[in-house]
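One-based numbering, in listed order, for ligands and for the atoms of each.
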Amino acid sequence: MKTKLGLLYGGKSAEHNVSLQTAKAVTAAINLNTFDVYPIYISIDGTWTEGAKLEAPAASVEALQLSGNGGTEHVLSMLAQNKYDVVFPLLHGPNGEDGTVQGLLEVLNVPYVGNGVLASSAGMDKIMMKNVFAQAGLEQVGYTHLIRPRWEQDKERACSRIEEEIGWPCFVKPANLGSSVGISKCQNREELAAAMDEAFQFDRKVIIEEGVTAREIEVGILGNDLPECSVIGEIVPKKDFYDYKAKYEDGDTALIIPADLTEEQKVNMKELAIRAYQSLDCSGLVRADFFLTEDGRFLINEVNTMPGFTPFSMFPLLWKEAGVDYPQLIEKMIELGIERHQEKQ
Ligand code: ADP
Ligand code: MG
Ligand code: MG
């Protein structure tokens, strides 16, 4: 018996296109002799569409942008009737990586790949995530946050407070996004004001962090209650920081795998990564991202509960180096999702 897999991709977020690219790669890598794969596309405006069972890898990203086939109600009833043995939410950002879709699947009792509701939602909100990390005793950069009405009320006052509490340079980010969308680095008040206006275009909450000069070191984690770390890698952005363009368009950011670290540093970082994983009650997978400061401290930056997942993304490359290739990684993640569902029963 083949496993019936619902491959959920696209999504109502700024990372829609990233998800499409990933879905194409997954259809090319997944073993169609083991899995019956049903593509389920979520358009940018949030309409769900189910495609016919895949007979071959998706020919193009356009081919994956399905239309017709009954729409959202049809797909929801297919999910409720347990048509799929497991669903793979290949979704990044809000309305997908943030626990909402995970909650829907929980309610419908459908097994799914990756993190559950709590880890997904806490991991999506950079403020909540940092609060949890602080509670777990993990070292990180200084941060503060602001909600939109407070910003609109008195921008001068907000800038003064940020200048005093955080200083320069600072990073301004929408609280709930990924892929560097809406993120700016600011050196002065003028840049800060523009960056805040920009970030509030994407979210009603914005986080402001101390900017650090540091190496960017990342590790993949796989597992449920007994997670394991991959090889450790390093990102060397050619630009000032690892922005959206550097991640997905220029492709000239160097990924160094394995990262040049001492044995002691590796052991230390893996221990911190597992602590971060467990503090958010993660399951399935995450990529844990750290800053390694010039004075040798590992500061946790974030965990990504559905990290970039094309075959050229950091997470799959780290596992490849650890001996798990892309098709095996996909299978492993699916197994972990099914296992987690069974353990809950
Ligand atoms: P995303 O979830 O969008 O990936 P990140 O918090 O990882 O957001 O920020 C994107 C990139 O911006 C990081 O990879 C790093 O290059 C840079 N960056 C973010 N925060 C800081 C910071 N506090 N200090 C220095 N660089 C930062
Ligand atoms: Mg992120
Ligand atoms: Mg990041």
Task: Nearest-contact summary for atom 22 (C) of ligand 1 - protein heavy atom, Å - done: F171 CD1, 3.5 Å
Open item on the list: Tell me whether P237 reaches ligand 1 (any heavy atom closer than 4.0 angstrom to a ligand atom).
Closed with: no
Open item on the list: Side chains of N224 and E343 only: does a donor on one sit below 3.5 Å from an acceptor on the other?
Closed with: no
- [ ] Ignoring hydrogens and angles, state whether a donor on the side chain of N176 or D203 is under 3.5 Å from an acceptor on the partner side chain.
- [x] yes
- [ ] Treating Ile, Leu, Val, Met, Phe, Trp and Tyr as nodes and any side-chain heavy-atom pair under 4.5 angstrom as an edge, say whether W168 and M196 lie in one connected cluster.
- [x] yes
Task: Taking atom 4 (O) of ligand 1 as the reference point, the nearest protein heavy atom with its distance - done: K247 NZ, 2.7 Å
TODO: Indicate, as side chain, backbone, both or neither, the part of N301 found under 4.0 angstrom from ligand 1 when only non-hydrogen atoms are considered.
DONE: side chain
- [ ] Run the numbers on S313 and T310 for side chain to side chain donor-acceptor pair (under 3.5 Å), then give the verdict.
- [x] CA-CA 5 Å; S313 305; T310 74; 2.9 Å; yes
Open item on the list: Quick check on the hydrophobic clustering: are V303 and F315 connected, directly or via other members, by side-chain heavy-atom contacts under 4.5 Å?
Closed with: no
Task: Element-labelled atoms of ligand 1 that are located less than 4.0 Å from some non-hydrogen atom of I183 - done: 3 (O), 8 (O), 9 (O), 10 (C)
Open item on the list: Does any N or O of ligand 1 fall below 3.5 Å from an N or O anywhere on K126, backbone included?
Closed with: yes
Task: Closest approach of any protein heavy atom to atom 11 (C) of ligand 1, naming residue and atom - done: Y242 O, 3.6 Å
TODO: State yes or no: do F290 and I183 share one hydrophobic cluster built from I, L, V, M, F, W and Y residues joined by side-chain heavy-atom distances below 4.5 Å, directly or via other members?
DONE: no
Open item on the list: Restricting to N/O/S atoms, is E302 within less than 2.8 Å of the Mg ion (ligand 2) or not?
Closed with: yes
Open item on the list: Minimum distance, heavy atoms only, to atom 19 (C) of ligand 1: which one of K185, K173, E210, M124 is it?
Closed with: K173
Task: Within one Ile-Leu-Val-Met-Phe-Trp-Tyr cluster: I300 and I208, side-chain cutoff 4.5 Å - done: no
Task: Flag for D289-N304: side-chain donor and acceptor within less than 3.5 Å - done: yes
Open item on the list: Nearest non-hydrogen contact with atom 13 (C) of ligand 1 belongs to which option: E302, E218, Q140, E216?
Closed with: E216
TODO: Please confirm whether F291 comes under 4.0 Å of ligand 1, counting heavy atoms of the residue only.
DONE: yes
Open item on the list: Considering non-hydrogen atoms of the protein only, which is the closest contact for atom 10 (C) of ligand 1, and what is the distance?
Closed with: S180 OG, 3.4 Å
